[in-house]
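Quick notes on the structure that follows.
Every heavy atom of this structure was used, including side-chain atoms; hydrogens, water molecules and symmetry mates were not.
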Amino acid sequence: MAANPRAAAVAALVRQEQDGFSNLVLDAELRRQKLEGRDKAFAGAIFYTVLEHQGTLDFILEQFLPKGLARLDPQVREILRDALAQARYMQVPVSAAVNEAVKLTRTFKKASASGLVNAVLRKACNYDLETARFRNETQRLMVLGSAGQDVAEFLRTHYPEEALGILTHTADGGCTSLRANCLKMDAAALCEKLLESGVKSAQPGLVPGSVLAKFEGSPAEHPLFKEGCFHVEGQASQLAALCVEAKPGDTVLDLCAAPGGKSFAMAEKMQGKGSLTSCDIYEHKLKRIQEGAARLGLPNIRTELQDASAFRAEWAESADTVLCDVPCSGLGIIRKKPDIRYKNPRDLAQLPAIQGDILENACRYVCPGGVLVYSTCTIDPAENEEQVRAFVGRHPEFRVVTPDVRFPAGMTVGDWGALSVPTRTGMDGFFLCALQKTR
């Protein structure tokens, strides 16, 4: 099969249905087909556009498939989604999207479906969603917000007025969120240098030290990135690192550190002094943290291959601050990880227990008077406020405290932590809570 971006996207989407890990599936297919440059970018754009809008795409296609999408061969199903996504969301002319889709049926040895693909797409590409009628509010969210039934029902229950907005909101204004390396320059200076270098736009973000920028290519290819002047990190994630309030000379543990952004932000606040240990259970992720620390000039970061729920006796009551950015459902970053939209609740049911185990272990590392910071990238109360409330109930030696941090407008700051809902703050959905050990 000749390598081309549309075929690569279809092949990756077929594998995605089986494997479920979108970034790994796409990377493997791009390497297999040896795509580079614009072709690689185009294949990736198709792939993620289909995942992000799959609920909408499938609803439209089903209008013209009496037997439904499920009865089609996987390759034909993904060819249809691929083409409709291009026409509807990527400004590809309908004629080009349809013609290329028909060619793909031959590429994937599904030529017998070429007539169906041609007929369905010519109707689907012109479908007016405004005329659609839905059985109920859940289906409306599933279609207009492109979500699975479980995610749609969760949002309808917990955020009834904001559900569709959460599903369609683009965090950080559609910009790339950066963290200025304060050891080299502040956010204002970074903005100035980025604009001087030809970056389309750059302005200070909502979180102190953050910058929102628009690049023509990858931020990682920019000279200022290579010089260690910034790292890429969402604003809400940066806020969690600021709530640690790390100072020069502190001992800090980051128990779930990958990909490293929070560790970098804390180490910069420590001015490279003191000790910051970044932990993860995967060697390759620790290597990326090491590379980032070297690029940013942060000598006080060391990495440890460590399960956050497994006790290390030598760390007992040794840390001024412990950060637990725990594994979570990711419901606050749906736009960044579109496969979250279709998560099965059975896959998420074990998360509160894992989070509780990590908190139970982490609190043993905090010295008297020290602080434990708990954070997630979800807006699920069961993983956030309820988790903190249960922890304090088990550990009266900890109390919730409010960090000396300027929270952006729209954040909900309550008795059990602070919550960012995308539609209220413009940032990712995020929860954080600081807990001080009183004895």
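Using a 3.5 Å distance cut-off with no hydrogens or angles, the side chains of Q290 and R302 do not pair a donor with an acceptor. Side-chain contact, T376 with N384: a donor N or O sits under 3.5 Å from an acceptor N or O. In the model, Q387 has a side-chain atom that pairs as donor or acceptor with a side-chain atom of Q355 under 3.5 Å. Remark: the T438 side chain and the R399 side chain contain no N/O donor-acceptor pair separated by less than 3.5 Å. The closest side-chain donor-acceptor pair between D380 and T378, if any, does not fall under 3.5 angstrom. Checking E383 against S329 by side-chain atom types alone, a donor-acceptor pair falls below 3.5 Å. Residues E162 and T423 bring a donor and an acceptor atom of their side chains to less than 3.5 Å of each other. Under the 3.5 Å distance criterion, with hydrogens and angles disregarded, no donor-acceptor pair is assigned to the side chains of T303 and S278.
Counting heavy-atom neighbours within 6.0 Å of E216 CD, excluding the residue itself, gives a total of 12 or less.
At a threshold of 4.5 Å between non-hydrogen side-chain atoms, the residues S263 and L276 count as touching.
Salt-bridge check for D325 with K262: passed, with a basic side-chain N closer than 4.0 Å to an acidic carboxylate O. Remark: R77 engages E17 in a salt bridge, criterion side-chain N to carboxylate O under 4.0 Å. Salt bridge E196/K193: absent, no basic N to carboxylate O contact under 4.0 Å.
For the pair R295 and F225, the cation-pi criterion (under 6.0 Å, within 45° of the ring axis) is fulfilled.
Between F398 and H395, the two ring planes are perpendicular [angle over 60°; tilted spans 30° to 60°]. Taking the six-membered ring where the residue is Trp, F134 and F59 present tilted rings, their angle falling between 30° and 60°.
Among E233, E268, Q238, the single residue meeting the side-chain hydrogen bond (donor to acceptor under 3.5 Å, both in side chains) criterion with R179 is Q238.
Pairing each heavy atom of P204 with each of C191, the nearest pair is N-SG, 3.6 Å.
Here the side chain of R341 pairs a donor or acceptor atom with the backbone of G145 at under 3.5 angstrom. When atom types are taken as modelled, the side chain of D172 and the backbone of M427 share no donor-acceptor pair closer than 3.5 angstrom.
The six-membered or imidazole ring of Y374 lies away from that of F391, with a centre-to-centre distance of 6.0 Å or more.
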